[in-house]
Amino acid sequence: MFILPAHRRFTPQTQHSTIRWPGGAGLAISFVLNIEEGAELHRTADDPRNEGTHEVHNEIIGVPDYCMETHFEYGARAGYDRIAQRFIDAKLPLTLNICGRALECTPWVAEQAIQQDWELCGHGWRWESPAHMDRESERAQIQRCVNTIERLTGKRPTGWHCKSSASIHTRSLLQEMGFCYDSNDYGGEVPYTLRTEKNQPYVVLPYAFDTNDMRFLAKVPLFMQKTLHATPKLR
């Protein structure tokens with residue numbers, strides 16, 4: 001007999017959050033820019049393998065992949081300033097989802113975040129999902145990211161957002177380590193509040209994939225797919 005888990009019994013989300021916004025506003029929009037460049041897997045950082053996906057999947061095995069490395073560098077070298085300046089010009093607040101190793105590669109991001117009073121949210125030490133990590137390994141990588149952000153900005157992050165899926169330990173670890181919220185939820189649009197084991201409030205701020213640029217990655221034109229599949233293989 002199939003028994004449906006209780007958390008999979010979907011109910012409509014509430015349209016009115018109990019969270020009150022400054023000035024009595026009825027709508028709040030959270031702008032998030034992911035800072036991940038430098039945190040991807042690459043052999044020149046002594047990682048066990050290279051990252052395998054950019055516009056197409058093509059993992060180079062056994063040697064450095066300079067195509068992939070420079071692809072990731074583009075966001076930091078060319079894209080970041082353009083996006084950041086838009087928010088500065090508009091006088092809008094911005095949250096930066098920070099991978100610790102990426103911040104080591106882009107310390108000017110930390111300096112600008114301090115100047116603009118932007119929030120830095122933890123996003124892992126590397127650009128990887130903790131889904132298969134054991135509890136202590138995950139705790140260590142969270143702490144390593146926290147230490148980097150605190151060292152470069154003088155502030156500890158209060159929020160966290162995993163790449164891909166969280167683990168079965170993630171939320172309890174974050175609560176235990178003093179975080180105030182996470183964005184490891186993709187099933188709604190309205191924030192909600194949980195209670196920790198110590199009965200402290202803990203906010204879940206859903207993250208919207210429909211406004212993440214990853215939605216473009218799978219949309220390779222058909223003619224390109226055919227060309228890729230027809231490329232001769234050296235044997």
Side-chain angles (χ1 to χ4, degrees), residues 13-40 54-55 70-124 127 145-146 148-164 174 179-193 201-219:
Q13 71 170 18
T14 175
Q15 297 301 309
H16 302 285
S17 173
T18 57
I19 298 172
R20 302 268 55 86
W21 310 113
L27 174 67
I29 300 174
S30 173
F31 295 106
V32 180
L33 177 63
N34 293 345
I35 307 297
E36 301 161 341
E37 293 79 9
E40 76 282 357
H54 42 101
E55 286 88 353
T70 55
H71 170 80
F72 273 86
E73 286 176 15
Y74 181 90
R77 296 182 184 278
Y80 172 79
D81 280 343
R82 297 170 185 169
I83 296 173
Q85 194 60 51
R86 293 289 185 93
F87 282 86
I88 293 171
D89 293 344
K91 295 181 172 58
L92 289 172
L94 184 62
T95 293
L96 303 178
N97 276 0
I98 296 285
C99 291
R101 196 167 80 176
L103 196 61
E104 296 281 8
C105 296
T106 56
W108 68 86
V109 171
E111 295 171 7
Q112 188 168 60
I114 295 169
Q115 294 170 0
Q116 299 297 327
D117 196 27
W118 288 343
E119 178 198 13
L120 272 68
C121 175
H123 195 39
W127 189 58
C145 179
V146 168
T148 299
I149 292 173
E150 188 170 24
R151 173 169 52 83
L152 292 175
T153 68
K155 295 182 180 179
R156 290 174 59 86
T158 59
W160 192 264
H161 180 210
C162 298
K163 177 200 175 184
S164 186
L174 295 174
F179 285 82
C180 298
Y181 80 91
D182 72 61
S183 290
N184 300 320
D185 186 312
Y186 309 91
E189 299 171 337
V190 180
Y192 56 93
T193 304
Y202 182 88
V203 174
V204 178
L205 177 62
Y207 185 92
F209 268 145
D210 68 311
T211 50
N212 186 299
D213 61 1
M214 66 175 290
R215 73 188 190 279
F216 296 115
L217 293 182
K219 296 182 179 179

Testing the basics here: between His123 and Cys145, what is the closest heavy-atom pair and its distance to 0.1 Å?
N-SG, 4.1 Å
In this structure, which one of Asp182, Asn97, Asp185 forms a side-chain hydrogen bond (donor to acceptor under 3.5 Å, both in side chains) with His161?
Asn97
Among pairs that include at least one residue of residues 83-112, which meet salt bridge (charged side-chain N to carboxylate O under 4.0 Å, His left out), considering only residues two or more places apart or in two chains?
Asp47-Arg101, Glu104-Arg151
Any salt bridge (charged side-chain N to carboxylate O under 4.0 Å, His left out) pairs touching residues 26-35, not counting sequence neighbours?
none
Flag the pair Trp127 / Asn34 as yes when at least one side-chain heavy-atom distance between them is below 4.5 Å, and no otherwise.
no
To check you understand the geometry: which heavy-atom pair defines the closest contact between Glu37 and Cys105, and what is its length?
O-CB, 4.3 Å
Set of side-chain contact (heavy atoms from CB on, under 4.5 Å) partners for Phe87, sequence neighbours left out:
Phe31, Ile83, Leu92, Leu94, Trp118
Can you find a pair of side-chain heavy atoms, one from Asn184 and one from Leu174, that are under 4.5 Å apart?
yes
For the residue pair Leu120 and Leu103, establish whether any side-chain heavy-atom pair is separated by less than 4.5 Å.
yes
Straight-line distance of Tyr192 OH to Tyr202 OH, nearest 0.5 Å
10.0 Å
What are the two closest non-hydrogen atoms of Pro206 and Pro191, and how far apart are they?
CD-CA, 3.8 Å
Sorted by chain and number, sequence neighbours left out, side chain to side chain donor-acceptor pair (under 3.5 Å) with Thr153 holds for none
Please report the shortest heavy-atom distance between Glu36 and Ala102, naming the atom on each side.
C-CB, 3.6 Å
Under the side chain to side chain donor-acceptor pair (under 3.5 Å) rule, collect the residues that match up with Glu73, sequence neighbours excluded.
Arg77
Kindly compute the distance separating CD1 (Ile149) from CZ (Arg156), expressed to the nearest 0.5 Å.
10.0 Å
Decide yes or no for Gln112 and Val109: does some side-chain heavy atom of the first lie under 4.5 Å from some side-chain heavy atom of the second?
no
All side-chain contact (heavy atoms from CB on, under 4.5 Å) counterparts of Thr193, not counting sequence neighbours
Ile19, Pro201, Val203
Check: Ser30 and Leu205 side chains under 4.5 Å, non-hydrogen atoms:
yes
Student check: side-chain heavy atoms of Val146 and Pro157 closer than 4.5 Å
yes
